[in-house]
Every structure is written in C-alpha cells, then in structure tokens.
Amino acid sequence: MDTPKLEARASTFVYAPRDRVYDVFATAKGLDAWFTKGAEVDARPGGRIVFRWKDWGVDRENVTSEGRVLEAKRPERFVFEWWDKDPAKATTVEVRFEERDGGTIGWGEALTLAKFYVEHGLVYRSAART
C-alpha cells in the first residue's frame with residue numbers, strides 16, 4: 001500500500017533581499033546564525049546537508065538530522081531532503097525566494113524564525129527547564 005504524498009505550503013514576508021534570505025537557508029553559517037548549531041551544507045545537487053541542534057526546545061534536546069541537497073539555485077530556489085534516522089522516510093523541502101515589495105517571500109514556518117533573525121537579530125532560545 002502506497003503512503004499518500006502530503007504537501008504543505010506556507011509563506012512569510014521578510015524585509016530583506018532574497019540573496020540574503022537564501023543564504024540563511026543554504027549555508028552552514030546562515031543556518032547556525034538562527035536555527036542550528038554546527039550545521040553542514042554542501043549547496044549543490046547531491047551535496048550533504050546536516051542539521052544539528054544543541055539544547056533545542058523546551059526539552060533542551062541535542063539532535064542531528066541529515067539530508068541531501070536536490071537543487072541550489074541562488075537566490076531563487078533551494079530544495080533538499082532531510083530525515084532523522086531513515087533516509088527512506090525523508091521529507092522534501094522546497095524553498096522559493098520571490099522578490100516582493102522591497103523584501104522576500106518564502107517558506108513560512110522556518111522563515112518566520114529566519115525573519116526575526118534577519119530583520120531584528122533575534123534568535124529563538126528556549127528557557128531552561130525548572
């Protein structure tokens with residue numbers, strides 16, 4: 001039995017040029033600035049991408065997820081797969097960066113965190129558990 005393919009779409013507006021927004025997704029330095037700690041990104045088709053989080057979220061977890069870059073077309077589009085333990089259960093993420101009214105529109109959920117970083121220098125930090 002085939003598993004149905006699910007698709008979700010969301011977008012967020014960021015007051016920044018799309019090449020800057022692209023770089024916060026498609027470079028290790030960019031990801032580590034707002035989302036991960038110790039990311040690796042080989043931003044070319046077939047390249048490896050590794051997401052590492054340290055003390056992330058309310059449970060302060062240390063997590064590593066791996067993936068593979070499918071497409072990297074700066075500053076327009078970045079597509080990658082990522083998975084926790086099983087590459088057969090990979091999720092494909094396609095991020096399009098569209099210029100719009102002095103800013104960029106792109107992937108909503110994660111882009112909201114990136115938006116606060118790019119526009120205001122704010123980074124999500126979970127509070128210590130008590």
Side-chain angles (χ1 to χ4, degrees):
M1 179 178 185
D2 290 332
T3 304
K5 190 173 187 175
L6 301 174
E7 182 177 310
R9 293 179 187 218
S11 61
T12 297
F13 180 81
V14 179
Y15 285 106
R18 66 183 181 161
D19 57 338
R20 181 167 180 218
V21 180
Y22 178 95
D23 288 347
V24 301
F25 282 92
T27 68
K29 180 179 177 182
L31 285 169
D32 283 348
W34 66 277
F35 189 49
T36 56
K37 297 293 173 231
E40 298 174 33
V41 180
D42 180 0
R44 58 187 168 155
R48 185 172 179 234
I49 187 165
V50 179
F51 299 92
R52 288 187 184 90
W53 295 273
K54 296 179 183 172
D55 296 325
W56 180 256
V58 295
D59 293 329
R60 305 197 52 86
E61 295 182 285
N62 295 320
V63 179
T64 300
S65 294
E66 296 187 40
R68 178 172 53 111
V69 175
L70 301 177
E71 184 178 341
K73 187 175 180 186
R74 186 179 190 266
E76 299 161 13
R77 182 175 145 105
F78 187 60
V79 183
F80 60 93
E81 293 178 319
W82 72 336
W83 54 85
D84 285 330
K85 295 178 178 83
D86 185 357
K89 295 180 180 177
T91 297
T92 301
V93 177
E94 175 185 345
V95 189
R96 294 179 188 201
F97 304 93
E98 299 175 18
E99 287 185 49
R100 191 83 53 88
D101 300 322
T104 302
I105 291 183
W107 181 26
E109 185 177 355
L111 198 57
T112 299
L113 293 174
K115 170 186 177 70
F116 289 114
Y117 168 71
V118 170
E119 290 183 4
H120 307 288
L122 299 174
V123 178
Y124 169 79
R125 299 282 187 249
S126 59
R129 293 176 67 182
T130 55

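Quick caveat, the model's predicted, so the values are computed rather than measured.
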Practice task
Say whether, by atom type as modelled, one donor and one acceptor occur between the side chain of Asp32 and the main chain of Ala39 under 3.5 angstrom.
Solution key: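 Yes; judged by distance alone, with no hydrogens or angles, the pair exists.
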
Practice task
Taking Lys115 for its side chain and Phe13 for its backbone only, find out whether a donor-acceptor pair lies under 3.5 Å.
Solution key: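 Flag set: sc Lys115 to bb Phe13 pair under 3.5 Å.
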
Practice task
For Lys54, enumerate each residue passing the side chain to side chain donor-acceptor pair (under 3.5 Å) test, keeping only those at least two apart in sequence or located in another chain.
Solution key: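 Listed in chain order: nothing, the list is empty.
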
Go through the structure and list residues passing salt bridge (charged side-chain N to carboxylate O under 4.0 Å, His left out) with [X], not counting sequence neighbours.
{"X": "Glu61", "answer": "none"}
{"X": "Asp84", "answer": "none"}
{"X": "Arg77", "answer": "Glu71, Glu94"}
{"X": "Glu40", "answer": "Arg48, Arg52"}

Problem - Apart from Phe116 itself, residues in the same hydrophobic cluster as defined by side-chain heavy atoms under 4.5 Å - result: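 Members besides Phe116, by chain and number: Leu122.
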
Side-chain polar contacts of residues 99-106 - donor-acceptor pairs under 3.5 angstrom, sequence neighbours left out - could you list them?
{"unit_1": "Glu99", "atom_1": "OE2", "unit_2": "Arg18", "atom_2": "NE", "d": "3.3"}
{"unit_1": "Arg100", "atom_1": "NH2", "unit_2": "Glu98", "atom_2": "OE1", "d": "2.7"}
{"unit_1": "Thr104", "atom_1": "OG1", "unit_2": "Ala16", "atom_2": "O", "d": "2.6"}
{"unit_1": "Thr104", "atom_1": "OG1", "unit_2": "Arg18", "atom_2": "N", "d": "3.0"}

Handout entry: Closest non-hydrogen atom pair, Ala72 against Ala43
Key =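 So the two residues come closest at CB-O, 3.4 Å.
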
Practice task
Work out which heavy atom in Val24 is nearest to a heavy atom in Trp34; give both atom names and the distance.
Solution key: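 Closest heavy-atom pair between Val24 and Trp34: O-NE1, 2.8 Å.
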
Using 30° and 60° as the class boundaries, would you call the ring planes of [X] and [Y] parallel, tilted or perpendicular?
{"X": "Trp56", "Y": "Phe35", "value": "perpendicular"}
{"X": "Phe80", "Y": "Phe51", "value": "tilted"}
{"X": "Tyr22", "Y": "Phe78", "value": "perpendicular"}

Handout entry: Contacts of Asp42 that satisfy side chain to side chain contact (heavy atoms under 4.5 Å, CB included) - sequence neighbours left out
Key =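 Per chain and number, Asp42 pairs via side chain to side chain contact (heavy atoms under 4.5 Å, CB included) with Arg44.
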
Problem - Lys/Arg-Asp/Glu bridge criterion (N-O < 4.0 Å) met for Asp23, Lys29 - result: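 Looking at Asp23 and Lys29, the cut-off is not met.
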
Practice task
Let me see the working for Ile49 and Val41 under side-chain contact (heavy atoms from CB on, under 4.5 Å), right down to the final yes or no.
Solution key: CA-CA 4 Å; Ile49 187 165; Val41 180; 4.0 Å; yes

